[in-house]
Structures are given as C-alpha cells and as structure tokens.
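Written out below as structure tokens is the structure these notes cover.
All values derive from a computational prediction rather than experimental measurement. Whatever order the structure lists them in is the order used to number ligands and atoms, beginning at 1.
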Amino acid sequence: MNDLVQRAREAMRHAWAPYSNFHVGAAIESADGAVYVGCNVESASYGLTICAERMAIGAAVVGGARQLKRIVVTTDVDPPAAPCGACRQLLAEFGLGLEVTAVGPSTQKRWTLAALLPDAFTKETLDR
Ligand code: THU
C-alpha cells in the first residue's frame, strides 16, 4: 500500500491543473501486481479535463490489465478527496470489489467501490 501511495504522489507531481490548482494522483494495482498511474490534466476548454483516476484506468487498459485490485488517489486535502462520480462509474467496468483508498497529507479513507457506487449500472445490467 505504501508503494502505491508513493506512486500516486509521484504521478500527482505531474498534474496539469493551472485552472483549479487542485493536483490529483492515482495509482492502480492490477491482479498481477503491476502498477499504473495517472494525474489530472486540465484544459482551457474546462469540460475536457481528465481526472487522475480515469487517466490511470486508461494506462491500465492499454497496459493489458483487466483485473484491477486497488486504487489509491492522492490529493493535498484532508479529509482526503474521494473519486468523482464519473471516475466511480468508469472504475465499475472492472468490478465493484475494487478497493479504493483516498490519501490526504495526514489522513486516509478506504472503501470498496460497491460502497461508493451503490446500485451501480454495470454490464450485468445490460445483460438482464
Ligand atoms: N479531479 C480528479 O482528478 N479526480 C477526481 O476524482 C475529482 C477531480 C480533478 C479534476 C480537476 O482537474 C480538479 O481535480 C478539480 O476538479
């Protein structure tokens, strides 16, 4: 877990957030122990902003990972910032059992994705 926190904080240093000045880092560990990172990238066309979590999901997918075990999200705020709704929904693609840990400068909070996204709309919904 400490390694993941470190990787997310390293990624956070690369955040491009000139509009919000809110820097976010994310590190995802897949079932085989590989780690994929992301940071937020903002745009002068604000709506194009990409969150750190979705950047890390993209890195994991392009790296061939499909089974995601845990994600750590780092910010500079306490209590720590949980993933936004859009990121929760995209994470749900890879299973609601995902462990989600939000880390601030001095506190941490942990959930399962199922707890963060109750009654989720998933691919199982499409199969009904
Ligand atoms: N942000 C993330 O990277 N992840 C989240 O889950 C919430 C918000 C970013 C987007 C934007 O660059 C900044 O934080 C402020 O919203």
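The closest donor-acceptor contact from the side chain of R88 to the backbone of L116 lies under 3.5 Å. A donor-acceptor pair under 3.5 Å is formed between the side chain of Q89 and the backbone N or O of F121. Put simply, the side chain of E42 gets close to the backbone of S20: a donor and an acceptor are under 3.5 Å apart. Side-chain atoms of R70 do not come within 3.5 Å of backbone N or O of T101 as any donor-acceptor pair. Under the 3.5 Å distance criterion, the side-chain polar atoms of N40 are left unmatched by any main-chain donor or acceptor of A15.
Residues of the protein with a heavy atom under 4.0 Å from ligand 1 are S20, F22, V24, N40, E42, T49, C51, A52, E53, P83, C84, listed by chain and number.
Put simply, the side chain of K69 does not reach to within 4.5 Å of the side chain of E99, judged on heavy atoms.
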